Number of protein chains: 2
Amino acid sequence: MNKINRKLEYALIGLKHMRSKQPGELTTVKEIAATYGCPFEATSKVMQSLAAGGLVRSEQGAHGGYQLVRDLNRLPLYEVLEMVVGPVEIAKCLHQVDGGCELRGSCNVISPIENLNRKLIEFYRGLTVGELLEGRGFVAKPQSLELRDLAAHAGHELAAVE
Amino acid sequence: MNKINRKLEYALIGLKHMRSKQPGELTTVKEIAATYGCPFEATSKVMQSLAAGGLVRSEQGAHGGYQLVRDLNRLPLYEVLEMVVGPVEIAKCLHQVDGGCELRGSCNVISPIENLNRKLIEFYRGLTVGELLEGRGFVAKPQSLELRDLAAHAGHELAAVE
DNA sequence: TTTAATTACGACTAATTTGGTCGTAGTTAA
DNA sequence: TTAACTACGACCAAATTAGTCGTAATTAAA
């Protein structure tokens, strides 16, 4: 029921990576996957979700890729969560029968978890992606020549420093 | 990876129920299960966890049951989470291999998800169970924990924060 | 015009987590 | 002794998550 999973992790990793690029410069999924060891297909789908949500722009074809189109410092984590894992809904009502509440007004069941849900949404709305990406640079350990070639081809060092 | 699940729900339901009792009055799992439709065995185990964590006291035997021993208004949700679902750890390091970090001591990879984890822990530490158990309407004055309140009840954990 | 590199996306399987049950034992009031 | 409780480990089922595969579609460049 929670929404913090690998998809979100791949999204944040990708966003952090793209943030270090020049405006207009594209990032491929292959590049992200190779640099950080994320599974290609899974990462690819996450990027597609981000593109569908308007957070990144995609260019197809050879020399295609993704680029950021929004300022991460003004982007609530909540929006990314919506894009990659859907609405933040931590728990369903225990007593729902065919979509309706069985206990009606006397229900004290859903309330605590619903309260928590609301507070979590508040929390996610108030937390910017930019904040999460702070800290030391995300330095990947070069694992192969091919990797360095990739980075070189992109015109960047592997170490993305703040 | 998230820790918001049915166990937590049963815990909050039980706590809310017990809070309405007189001091010294016991609540049985049977009572909770019957009142709210929670599965008996699952709820029972949750209560046992709460007892192990010192949040409630249990009395065995006929006419036994559970009772609250702590003030829910000064109890961080974090503690309940620890009791019923273990430490708040939303995501494992992507680079872990066989339970150990692949990069060992030289690992300077800080996953954004780890940052999020820290922020979530902060959030859970500052949110009291009492707040969550308020009615369905708005809570006029949220009783967020101050640091000194935390110190009174969870001083040993505060030391581990930094 | 062909090829290679890339995004797009649905279907599928495997792995993990979660939710729940069962059996049995220990405790205590009546 | 019995009935009503808590205590707890082992187990199974369901749901979710994670990852893979196959196949298009798109585009730059040879």
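The structure displayed is predicted, hence computed values, not measured ones. Here is the naming used below: chain letters follow the sequence lines, and residue numbers restart at 1 for every chain.
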Nearest whole Å is fine: how far is [N] [atom2] from [X] [atom1]?
X	N	atom1	atom2	answer
A:Lys7	C:dC9	NZ	C1'	13 Å
A:Glu25	C:dT6	CD	P	14 Å
B:Leu26	D:dA4	CG	P	17 Å
A:Lys30	C:dA8	NZ	P	17 Å
A:Met47	C:dC9	CE	C1'	16 Å
A:Ile4	C:dT18	CD1	P	14 Å
A:Gln48	D:dT23	CD	C1'	13 Å
B:Glu31	D:dA4	CD	C1'	14 Å

Quick check for you: to the nearest 0.5 Å, what is the distance between [X] atom [atom1] and [Y] atom [atom2]?
X	Y	atom1	atom2	value
A:Glu79	A:Arg74	CD	CZ	13.0 Å
B:Met83	B:Leu55	CE	CG	4.5 Å
A:Leu26	A:Leu68	CG	CG	11.0 Å

Problem - side chain to side chain donor-acceptor pair (under 3.5 Å) pairs, two or more places apart, involving residues 43-55 of chain B - result: B:Ser44-B:Gln48
Exercise for the section: List the protein contact pattern of nucleotides 21-30 of chain C with one symbol per nucleotide (5' to 3'): B for base contact, S for sugar-phosphate-only contact, - for none; contact means a heavy-atom distance under 4.0 Å. Expected result: BBB---BBSS
Think [X] has a side-chain N or O under 4.0 angstrom from the OP1 or OP2 of [N]?
X	N	value
A:Tyr10	D:dG19	yes
A:Asn5	D:dT16	no
B:Ser44	D:dA7	no

Exercise for the section: For the pair B:Arg6 (side chain) and B:Ala42 (backbone), establish whether a donor and an acceptor sit closer than 3.5 Å, ignoring hydrogens and angles. Expected result: no
Practice task
Give a yes or no on this: more than 12 heavy atoms of other residues, nucleotides or ligands lie within 6.0 Å of atom NZ of B:Lys30.
Solution key: no
Practice task
Could you check B:Glu25, B:Glu59, B:Gln22 and say which one makes a side-chain contact (heavy atoms from CB on, under 4.5 Å) with B:Gln67?
Solution key: B:Glu59
